[in-house]
Amino acid sequence: MKFRWFSLGLSLLVSAGAMTTIGCMSPAGSHDEPSIGTVSLPLVTSAGGEFRLHNAVFAIHSTNGVHAATLDSESDPGAETLTATLFQGPYTVRLADGWELARLGPDGAESPVSAALLSPNPQSFEVGASATTDISFTFTTGQGTITLGDGSVGIRFDVAPNEGLGACNLVSSYYYNTCPSGQTCLLADSSGRTFCASPGSLPVGSPCTSDQCVAGAQCLRVDQANPEQGSCVRFCRVSEARFGVNCLSLGLPDSDIGFEGPAPEGTCDLLAQAGCAAGEACQYAGGSFATCGLPGSTPAGGACTGETCGAGYQCYDGRCAKICDARLGYIGQPDCYYCYNVGTGNAGRCYNY
């Protein structure tokens, strides 16, 4: 497994000015000139041009939800800064998923780097008369904190170590969630060090190059057959594996943290009775997955030991009972008064008086 980390801060500069309106009246009958502001979003470093942000789409809305502007780095691929003008007032800006960070070499060649967004997303800012607001979108990697921007607008370039970001719990629970609201816990490196960052919206299983996965998941390179391809994987605890979860260890020191891998070969869908060859049934004999086997002939309600029940039935407490959908409970399932959750995912036990 490879972890490459450094930290990059992208600053948003908002400066306010005035605009003269000809041929119309200002709000409330006032003759004051309405204030406007300039939003400036740098895309490259000012010191040596070391990094560039690609596929970055910033959506700006007023606080009542009205769309004000969209800034897209690919609208002018060679641009170093994105700008927009806004009227005075409060706004939010959100960086959409899909952004990519690249290192620029001395010859101008680009190489992608993996990064995670630390800052809240979206962020709030306000355009006010004769005021400047500096908003920072900060990303993290293993080489420190880097601020992108143009020195002429007072945005600094800085590098600092990222060891002080704080620790968190990779597998959160209702009672134990160590990240602030709206953030998720991510793995910093192979030592097991962790930090909090803003999640994205890429679902588990999606290919990825940076940490833009949903909360509880991270972009990791865990496919041994394709070691350079990242994918969004969900964290789990090997010692607390649930039914239907193949929790594979990440090999972290003194830790049982793993990730949810694909189901092992030979497993099947117990509820749907799918995934088996003709003449076989999906059965549960213990562990985290159901497997395929030859069905028995014991009828519903008959005494059983082991896998002696017919297809679609399971031996519960010495009797063959129909496998049902535990999510439905009392709700209309044929020949089933109530469906109990018995710890095998959505596949429950049918109970009839």
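The figures here come from the full heavy-atom set of this structure, side chains too, leaving out hydrogens, waters and symmetry mates. Residue numbers count from 1 along this sequence.
Residues Gly200 and Asp97 approach most closely at C-OD2, 3.3 Å, considering heavy atoms. Taking both residues in full, the closest heavy atoms of Pro253 and Ser191 are given as CD-O, 3.7 Å, listed atom of the first, atom of the second, then distance. When all heavy atoms are compared, the tightest approach of Arg52 to Pro77 is NH1-O, 3.5 Å. Considering every non-hydrogen atom in both Arg349 and Cys324, the closest pair reads C-SG, 3.4 Å. When all heavy atoms are compared, the tightest approach of Ala311 to Pro295 is N-CB, 3.7 Å. Across every non-hydrogen atom of Gly251 and Ser249, the tightest pair is N-OG, 3.0 Å.
In the hydrophobic clustering of this structure, Val342 groups with Ile323; members are Ile, Leu, Val, Met, Phe, Trp, Tyr whose side-chain heavy atoms approach within less than 4.5 Å, directly or through other members. Tyr337 and Tyr313 sit in two unconnected hydrophobic clusters of ILVMFWY residues. Membership requires side-chain heavy atoms under 4.5 Å apart, directly or through other members. Under the 4.5 Å side-chain heavy-atom criterion for grouping Ile, Leu, Val, Met, Phe, Trp and Tyr, Val222 is connected to Leu252 within one hydrophobic cluster. Leu270 and Val245 fall into different hydrophobic clusters, defined by Ile, Leu, Val, Met, Phe, Trp and Tyr side-chain heavy atoms under 4.5 Å apart, directly or through other members. One hydrophobic cluster holds both Leu248 and Leu250 under the rule that ILVMFWY side chains link at heavy-atom gaps under 4.5 Å.
Within the model, atoms CD of Gln283 and OG1 of Thr308 stand 9.5 Å from one another, a figure rounded to the nearest 0.5 Å. To the nearest 0.5 Å, atom OG1 of residue Thr184 and atom CG of residue Asp211 are 9.5 Å apart. Rounding to the nearest 0.5 Å places CZ of Arg234 at 12.0 Å from SG of Cys247. Once rounded to the nearest 0.5 Å, the distance linking CD of Gln314 with SG of Cys282 reads 8.5 Å. Atom CG of residue Leu101 and atom CD of residue Glu110 lie 10.0 Å apart, to the nearest 0.5 angstrom. Within the model, atoms CZ of Phe235 and CD1 of Ile257 stand 7.5 Å from one another, a figure rounded to the nearest 0.5 Å.
Between the Thr298 side chain and the Cys309 main chain, no donor and acceptor come within less than 3.5 Å of each other. With hydrogens and angles ignored, the 3.5 Å screen pairs no side-chain donor or acceptor of Gln123 with any backbone N or O of Arg94. With hydrogens and angles disregarded, a donor-acceptor distance shorter than 3.5 Å links the side chain of Gln218 to the backbone of Leu187. No side-chain donor-acceptor contact under 3.5 Å links Thr194 to the backbone of Leu186. Remark: side-chain polar atoms of Glu100 are not paired, donor with acceptor, to backbone N or O of Ser210 under 3.5 angstrom. In terms of modelled atom types and a separation under 3.5 Å, the side chain of Gln183 and the main chain of Phe195 share no donor-acceptor contact. Side chain of His67 to backbone of Ala69: a donor-acceptor contact under 3.5 angstrom is found.
For the cysteine pair Cys168 and Cys185, the distance separating the two SG atoms is below 2.5 Å. Checked against the 2.5 Å cut-off, the SG-SG distance between Cys196 and Cys179 falls under it. Cys276 pairs with Cys292 as a disulfide, the SG atoms being under 2.5 Å apart.
Tested against Cys208 for a disulfide bond (SG atoms under 2.5 Å apart), the candidates Cys213, Cys232, Cys219 yield a single pass: Cys219.
Checked against the 6.0 Å centroid threshold, Tyr351 and Tyr340 count as a close aromatic pair.
Partners of Thr267 under the side chain to side chain contact (heavy atoms under 4.5 Å, CB included) rule, at least two apart in sequence or in another chain, are Ala263, Pro264, Phe289.
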(message) For Arg242 and Glu260: C-alpha separation, side-chain torsions, deciding distance, then whether salt bridge (Lys or Arg N to Asp or Glu O under 4.0 Å) applies.
(response) CA-CA 10 Å; Arg242 308 181 308 278; Glu260 296 182 6; 3.5 Å; yes

(request) In sequence, state the C-alpha distance, the side-chain angles, and the governing distance for Asn246 and Phe259, and then conclude on side chain to side chain contact (heavy atoms under 4.5 Å, CB included). (result) CA-CA 8 Å; Asn246 187 21; Phe259 68 96; over 6 Å; no

(message) Evaluate Cys304 against Cys320 for disulfide bond (SG atoms under 2.5 Å apart), listing each step before the verdict.
(response) CA-CA 6 Å; Cys304 58; Cys320 287; 3.9 Å; no

(request) Using the side chain to side chain contact (heavy atoms under 4.5 Å, CB included) rule, take Thr70 and Phe58 through it: C-alpha gap first, then chi angles, then the decisive distance, then the call. (result) CA-CA 6 Å; Thr70 296; Phe58 295 90; over 6 Å; no

(message) Could you walk me through whether Cys350 and Cys339 satisfy the disulfide bond (SG atoms under 2.5 Å apart) test, starting with their C-alpha distance in whole Å, then the side-chain angles of each, then the deciding distance to 0.1 Å, before giving a yes or no?
(response) CA-CA 5 Å; Cys350 181; Cys339 190; over 6 Å; no

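Salt bridge status for Arg327 with Asp325: present, with a side-chain N to carboxylate O gap under 4.0 Å.
Within the 4.5 Å cutoff, the side chain of Thr63 has no heavy atoms near those of the Tyr91 side chain. Residues Asp223 and Gln229 form no side-chain contact, since every pair of their non-hydrogen atoms from C-beta on lies 4.5 Å or further apart.
Through ILVMFWY side-chain contacts below 4.5 Å, Leu202 is grouped with nothing and stands alone.
In this structure, a donor-acceptor pair under 3.5 Å is absent between the side chains of Ser198 and Asn121.
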